[in-house]
Amino acid sequence: MLAQIVFGTCMAMHTIGPAVAQDATVPARLDLAEIFRIGDDENDPLLFGFVTALDINAAGQVYAVDGSNNSIYVLSDSGELVDEIGREGAGPGEFEDISGLYVGPGDSVYVLDSDLYRLSVFEPDMHRFMYSVRIEADGMRDPVQLLGVVDNEFLIVYSSPMYPGLEATHDRRAVVNLVSRDGIVIGESVVSLPDREYVASQRYILLVPFGRRFEYRLGADGLVYSGLSDRIDIGMTTVGGGTQGSVQYDHPAVPVTREDIDNYVSDMSSDARRLILASDIPAKMPAYQSFSVDDRGRIWIQLIGEGGTSSGKWLLLSKEGEAVARAVLPASVSLHVVREGIAYGNGKSESGAPYVVAYRIDE
């Protein structure tokens with residue numbers, strides 16, 4: 001099965017930092033050929049509850065987290081199930097809420113459990129449990145995502161939890177911290193962005209519909225890429241906190257309509273509906289759903305479509321500030337890793353069955 005990357009006219013692009021000449025030429029069309037897909041066929045040996053994280057090792061094996069049972073499935077480079085890591089529980093090598101996965105140096109597997117405040121490490125080949133580290137909180141913030149392992153330290157995203165009845169209007173920030181092998185936060189935050197926007201009552205805690213979200217990614221170049229989804233403005237920062245500029249793209253804003261809001265609250269209780277309708281709903285949709293950074297430093301941005309869902313359209317930007325390509329994938333597919341000419345992600349079939357998928361990028 002082929003997913004076509006189609007190139008179109010480049011829009012205005014600006015890069016903060018050294019000036020970069022804009023190339024108005026349009027490259028040749030590329031194809032993404034599906035290598036494997038697993039999980040959306042009842043005859044598949046593996047069926048997922050829902051996929052929450054994904055990474056690969058040097059041999060192209062895929063590590064996919066199934067959030068429904070807190071296990072990590074290991075797939076071969078052709079999509080065959082070869083191993084399973086972990087199970088529900090609080091003991092060594094067990095998980096209560098896997099919130100981060102990273103295949104690090106030497107292909108050791110690092111897994112963050114946000115409920116247990118624990119990072120567990122598994123050996124590369126047999127995937128036996130090696131050791132775990134207790135990860136401390138950062139004030140009122142909890143560890144929620146593992147970005148990577150850098151210079152023998154952990155790079156972890158911290159976010160402020162929200163509970164019913166908790167005041168949601170204070171300055172809540174989502175930050176990236178370096179954490180020592182003892183689980184202690186080191187120095188100042190690497191990057192800081194506004195946290196997700198909520199509305200709260202004594203009974204409910206709800207996300208503001210169509211609100212902006214923070215996104216953090218660690219690139220193969222060792223830079224932290226960060227952005228807020230209300231506009232395409234991706235910052236680049238060293239793990240020491242040094243700013244390396246940002247890539248901006250002028251993407252047409254899509255207004256939030258009354259129909260969008262009505263559809264959003266249609267299945268809510270009357271109390272929850274009133275809480276949402278009384279909130280400060282943005283006038284415009286977010287610009288993107290998520291982004292990924294490939295091993296060539298290119299940024300793959302998953303654009304928002306009608307009703308605030310993914311459009312299936314991807315904008316490919318170079319780190320130097322050029323609009324390289326546009327890609328079209330199934331609307332449900334999110335890409336987690338793009339490396340050595342292969343894009344890895346997860347999606348859902350028309351019946352709602354979750355799957356893991358890999359595409360070869362022909363270029």
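Keep in mind the model is a prediction, meaning the values are calculated, not measured. Values below: every heavy atom of this structure, side chains too, minus hydrogens, waters and symmetry copies.
Judged purely by atom type and a 3.5 angstrom limit, Ser99 has no side-chain atom pairing as donor or acceptor with the backbone of Asp113. Distance alone, capped at 3.5 Å, is enough to place a donor-acceptor pair between the Asn57 side chain and the Gln61 backbone. In this structure, Ser332 contributes its side chain and Lys348 its backbone to a donor-acceptor pair below 3.5 Å. Between the side chain of Ser132 and the main chain of Leu119, no donor-acceptor pair closer than 3.5 Å is present. Between the side chain of Asn70 and the main chain of Glu96, a donor-acceptor pair closer than 3.5 Å is present. Judged by distance alone, with hydrogens and angles left aside, the side-chain atoms of Arg273 form a donor-acceptor pair with the main-chain N or O of Met268 at under 3.5 Å. No donor-acceptor pair under 3.5 Å is formed between the side chain of Asp40 and the backbone N or O of Pro354. Proximity of a side-chain donor or acceptor of Asp44 to a complementary backbone N or O of Leu47 within less than 3.5 Å is not detected. With Arg213 contributing its side chain and Asp230 its backbone, the two residues share no donor-acceptor pair below 3.5 Å. Checked by atom type and distance alone, the side chain of Thr237 never pairs as donor or acceptor with a backbone atom of Gly241 at under 3.5 Å.
Here the closest non-hydrogen pair linking Ile232 and Ala287 is CG1-CB, 4.0 Å. The two residues Gly227 and Phe291 have their closest heavy-atom pair at N-CE2, 4.3 Å. Here the shortest heavy-atom pairing between Leu116 and Arg134 reads O-NH1, 2.9 Å. Counting all heavy atoms, side chain and backbone alike, Pro143 lies closest to Ser114 at O-CB, 3.3 Å.
With rounding to the nearest 0.5 angstrom, the CG atom of Leu329 is 8.5 Å from the OG atom of Ser310. Taking CG of Asp83 as the start and OH of Tyr63 as the end, the distance is 8.0 Å to the nearest 0.5 Å. The CD1 atom of Ile38 sits 5.0 Å away from atom CG of Leu46, with the distance rounded to the nearest 0.5 Å. The distance from atom CZ of Phe36 to atom CD1 of Ile342, rounded to the nearest 0.5 Å, is 8.5 Å. Taken to the nearest 0.5 Å, the OG atom of Ser180 stands 5.0 Å off from the CD1 atom of Ile186. Phe95 CZ to Ile85 CD1: the interatomic distance, rounded to the nearest 0.5 Å, is 7.5 Å.
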With a 3.5 Å cut-off and sequence neighbours excluded, list the donor-acceptor pairs that the side chains of residues 334-341 form with protein atoms.
| residue | atom | partner | partner atom | Å |
| --- | --- | --- | --- | --- |
| Ser334 | OG | Gln302 | OE1 | 3.4 |
| His336 | NE2 | Asn346 | OD1 | 2.5 |

Using atom types as modelled, flag every donor-acceptor pair under 3.5 Å from a side chain in residues 149-157 to any protein atom, sequence neighbours excluded.
| residue | atom | partner | partner atom | Å |
| --- | --- | --- | --- | --- |
| Asn152 | OD1 | Arg181 | NE | 3.3 |
| Asn152 | OD1 | Arg181 | NH2 | 3.0 |

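Using cut-offs of 30° and 60° on the angle between ring planes, the pair Tyr216 and Phe214 is tilted.
For the pair Asp31 and Arg360, the salt-bridge criterion is not met [side-chain N within less than 4.0 Å of a carboxylate O]. Remark: Arg296 does not engage Asp294 in a salt bridge, criterion side-chain N to carboxylate O under 4.0 Å. Under a 4.0 Å N-O distance rule, the pair Asp260/Arg258 does not qualify as a salt bridge.
Looking at Asp142 and Tyr117, their side chains do bring a donor and an acceptor atom within 3.5 Å of each other. Side-chain polar atoms of Glu215 and Ser290 form no donor-acceptor pair below 3.5 angstrom. Between the side chains of Ser269 and Tyr204, at least one donor-acceptor pair of N or O atoms lies under 3.5 Å.
Other residues, nucleotides and ligands contribute only 12 or fewer heavy atoms inside 6.0 Å of the CD atom of Glu306. The environment of Arg87 atom CZ is sparse: at most 12 non-hydrogen atoms of other residues, nucleotides or ligands sit within 6.0 angstrom. Heavy-atom contacts from other residues, nucleotides or ligands closer than 6.0 Å to CE of Met140 number 12 or fewer. Shown here is Glu123, whose CD atom has more than 12 heavy atoms of other residues, nucleotides or ligands within 6.0 Å.
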### Message
Apply side-chain hydrogen bond (donor to acceptor under 3.5 Å, both in side chains) to residues Ser246 and Asp233 and explain how you reach the verdict.
### Response
CA-CA 6 Å; Ser246 67; Asp233 184 356; 3.1 Å; yes
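Arg173 pairs by the salt bridge (charged side-chain N to carboxylate O under 4.0 Å, His left out) definition with nothing, not counting sequence neighbours.
Taking 4.5 Å as the limit, some side-chain heavy atom of Lys319 sits within range of a side-chain heavy atom of Asp221. Ile35 places none of its side-chain heavy atoms less than 4.5 Å from the side chain of Tyr359.
Note: Phe122 and Tyr110 fail the aromatic proximity criterion, with ring centroids not under 6.0 Å apart.
The cationic atom of Arg217 (NZ for Lys, CZ for Arg) does not lie both less than 6.0 Å from the six-membered ring centre of Tyr225 and within 45° of the ring axis.
Following chains of ILVMFWY side-chain contacts shorter than 4.5 Å, one can reach Ile281 starting from Tyr264, so the two form part of one hydrophobic cluster.
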